[in-house]
Trainee: 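Let me give you the structure first, and then I'll get to my questions.
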Amino acid sequence: MSAENQGFNTRAVHAGQAFEPRTGAVVPPVHFSSTYAQDGIGGLRDGYEYGRGTNPTRDALQEQLAALEGGSHAYSFSSGLAAEDSLIRALTRPGDHIVLGNDAYGGTYRLINSVLGDWGIGNTPVDMADLDAVRKAVAANKTRFVWVETPSNPLMKITDIEALAAIAHDAGALLVVDNTFASPYLQTPLALGADVVVHSTTKYIGGHSDVVGGAIVVNDAELAEKIGFVQFAVGAVSGPMDAFLTTRGLKTLGVRMDRHSDNGQAVAEWLLERPEVEAVLYPGLPSHPGHELAKKQMKKFGGMVSVQFKGGEAAARTVAENTSVFTLAESLGGIESLMNYPSEMTHASVKGTELAVPVNLIRLSCGIEDVEDLIADLERAFTFLK
Ligand SMILES: *Cc1c(COP(=O)(O)O)cnc(C)c1O
């Protein structure tokens with residue numbers, strides 16, 4: 001049976017994970033060696049030469065990532081932003097332009113605007129749900145990338161990946177999808193026409209809040225060669241232990257995402273009934289403007305829920321600081337529930353820009369705990385609002 005015909009969870013457990021031939025060790029060993037003995041000058045064993053270029057543990061993760069995103073090649077990096085930086089340096093040149101969502105992850109915007117801007121890469125933030133605005137922004141510049149997060153962080157906007165791919169391709173640009181929030185279990189952008197998928201594997205893919213990493217996945221040999229060259233030449237690779245932890249997390253992605261999605265849905269529905277709440281941003285709610293589209297391009301709706309309070313900034317801060325099962329911390333996608341106040345935490349870097357996040361908003365990353373305990377925790381925090 002070829003791997004392409006296997007189900008997601010079978011690929012997650014087995015892709016790149018064949019047992020070690022000498023001992024039969026079911027879990028492939030972690031290779032820490034930074035270099036490889038040569039059989040005579042240039043006599044490499046299986047192409048292994050030096051750890052920045054290739055490492056068997058990293059290769060195994062890359063094979064697993066490619067199999068799950070439906071790509072031909074994957075590249076693993078030391079962080080999500082390192083992956084993004086390498087992607088941009090591999091495929092753009094000074095004078096090129098990036099059209100990105102006006103609610104992009106703050107760190108992505110900071111990288112593109114404040115770092116790569118000085119190296120001649122332009123950018124235009126637009127509302128990705130407004131396809132005419134995207135088309136205009138793409139046409140007005142020498143656009144190389146259309147860059148989208150769907151669901152977006154933290155406003156949970158849903159964007160039509162197929163439609164964006166058509167807009168990008170008509171203009172000779174590439175569509176890059178940051179698939180961090182959905183993960184390949186819920187959404188596979190390459191199958192919808194995207195050219196490049198990027199991840200912060202720190203989040204759902206690693207899944208246990210114990211490793212920072214990033215990845216790029218493509219389904220095109222020419223793009224792959226350019227990205228692989230920058231990965232090697234710049235060297236922001238994931239180390240062996242990081243790659244191992246990421247692989248271990250990725251094996252259980254499907255079962256975790258099912259639970260995250262169930263918990264996210266239940267928490268969103270509970271919040272919707274609360275009088276203190278102004279809006280619940282969750283694509284699994286029929287009232288969400290992207291609900292029908294999300295149903296079409298996602299398998300489920302995930303564990304991320306944003307909520308806005310009638311009591312404004314003070315109410316959001318009060319709830320954020322009074323939970324105990326939800327831990328107040330940046331990041332998301334781990335098995336433990338996290339609470340985030342984006343305007344001062346994850347998105348502080350875009351404060352005062354058009355990407356600024358409403359001050360009455362908190363973002364919940366619903367973990368895999370018992371949902372009754374998550375709701376009881378929120379209910380207790382809400383008592384502080386009186
Ligand atoms: C966290 C995050 C990133 C950045 O990844 P790091 O691993 O923190 O460098 C990029 N995009 C999204 C959507 C994220 O949540």
Side-chain angles (χ1 to χ4, degrees), residues 61 65 69 74-89 98 100-116 123 125 128 145 147-159 161 176-184 186-187 189 194 196-217 231 234 236-239 242-243 245-246 249-250 253 257 260 264 281 283 298 302-306 329-334 338-343 345-350 355 357 361-366:
L61 168 60
L65 285 164
E69 282 288 359
Y75 298 91
S76 166
F77 292 85
S78 55
S79 72
L81 288 179
E84 295 181 8
D85 178 52
S86 289
L87 171 67
I88 295 166
R89 286 205 262 175
I98 298 175
L100 77 167
N102 63 1
D103 58 348
Y105 172 69
T108 297
Y109 181 69
R110 181 175 54 202
L111 169 69
I112 291 173
N113 192 56
S114 306
V115 179
L116 295 167
N123 75 80
M128 284 285 159
F145 287 163
W147 187 298
V148 69
E149 292 168 36
T150 176
S152 68
N153 174 13
L155 298 181
M156 304 303 295
K157 283 192 196 164
I158 303 295
T159 304
I161 295 173
V176 178
V177 177
D178 181 336
N179 205 27
T180 299
F181 264 42
S183 89
L186 298 183
Q187 173 174 282
V196 182
V197 167
V198 294
H199 276 286
S200 169
T201 59
T202 313
K203 317 293 168 54
Y204 283 109
I205 285 180
H208 296 73
S209 307
D210 55 9
V211 58
V212 172
I216 306 173
V217 191
Q231 185 196 41
V234 176
V237 294
S238 35
D242 290 358
L245 286 171
T246 307
L250 191 45
L253 180 68
M257 289 314 291
H260 285 299
L281 315 180
M298 298 175 75
M304 299 304 299
V305 181
S306 290
E330 297 198 0
S331 200
L332 62 108
L338 298 181
M339 167 78 70
N340 170 40
Y341 182 60
S343 66
M345 293 170 62
T346 49
H347 290 62
S349 64
V350 289
L355 281 79
V357 175
L361 182 145
I362 60 175
R363 187 190 76 186
L364 309 178
S365 173
C366 298

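What you see is a predicted model; the values in this text were computed from it and never measured. Quick note: numbers below take in every heavy atom, side chains included, and nothing from hydrogens, waters or symmetry partners. Just follow the structure's listing: the first ligand is 1, and inside any ligand the first atom is 1. Numbers here simply count residues along the sequence, with the first being 1.
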Trainee: L332 to ligand 1: N or O pair under 3.5 Å?
Mentor: no
Trainee: With side chains defined as the heavy atoms from C-beta onward, is the minimum distance between K157 and N102 less than 4.5 Å?
Mentor: yes
Trainee: What atoms of ligand 1 come closer than 4.0 angstrom to any heavy atom of D178?
Mentor: 10 (C), 11 (N), 12 (C), 13 (C)
Trainee: Rounded at 0.5 Å granularity, tell me how far CG in N153 sits from CG in D178.
Mentor: 8.5 Å
Trainee: Start with the C-alpha gap between E84 and T108, add the side-chain angles, then the distance that decides, and say whether side chain to side chain donor-acceptor pair (under 3.5 Å) holds.
Mentor: CA-CA 8 Å; E84 295 181 8; T108 297; 2.9 Å; yes
Trainee: Of the choices M304, E330, K203, H199, which has the non-hydrogen atom that lies closest to atom 14 (C) of ligand 1?
Mentor: K203
Trainee: Identify, by atom number and element, the atoms of ligand 1 in contact range of E84, meaning under 4.0 Å from any of its heavy atoms.
Mentor: 10 (C), 11 (N)
Trainee: Report, in ascending order of atom number, the atoms of ligand 1 lying under 4.0 Å from any heavy atom of G213.
Mentor: 7 (O)
Trainee: For S238 and S76, run side chain to side chain donor-acceptor pair (under 3.5 Å): C-alpha distance rounded to whole Å, both residues' side-chain angles, the deciding distance at 0.1 Å, then the answer.
Mentor: CA-CA 6 Å; S238 35; S76 166; 2.4 Å; yes
Trainee: With a cut-off of 4.0 Å, which atoms of ligand 1 are near a heavy atom of S79?
Mentor: 7 (O), 9 (O)
Trainee: Which atoms of ligand 1 sit under 4.0 Å from any heavy atom of N153?
Mentor: 15 (O)
Trainee: Restricting to non-hydrogen atoms, name the atom on V212 and the atom on S79 that form the minimum distance, rounded to 0.1 Å.
Mentor: CG1-CB, 3.8 Å
Trainee: Near S200, which atoms of ligand 1 are under 4.0 Å from a heavy atom of that residue?
Mentor: 1 (C), 2 (C), 3 (C), 4 (C), 5 (O), 6 (P), 7 (O)
Trainee: Over all heavy atoms of both residues, which pair between P154 and H347 is shortest? Give the atoms and the distance, please.
Mentor: CD-NE2, 3.6 Å
Trainee: Can you tell me the protein heavy atom closest to atom 3 (C) of ligand 1 and the distance?
Mentor: Y105 CE2, 3.4 Å
Trainee: List ligand 1 atoms under 4.0 Å from T202, heavy atoms only on the residue side.
Mentor: 7 (O)
Trainee: Can you find an N/O atom of G80 closer than 3.5 Å to an N/O atom of ligand 1?
Mentor: yes
Trainee: Does T180 approach ligand 1 within less than 4.0 angstrom via side chain, backbone, both or neither, non-hydrogen atoms only?
Mentor: side chain
Trainee: Contact between Q231 and S86 at the side-chain level, heavy atoms closer than 4.5 Å - yes or no?
Mentor: no
Trainee: Got L87 and V176 here, is their nearest side-chain heavy-atom distance under 4.5 Å?
Mentor: yes
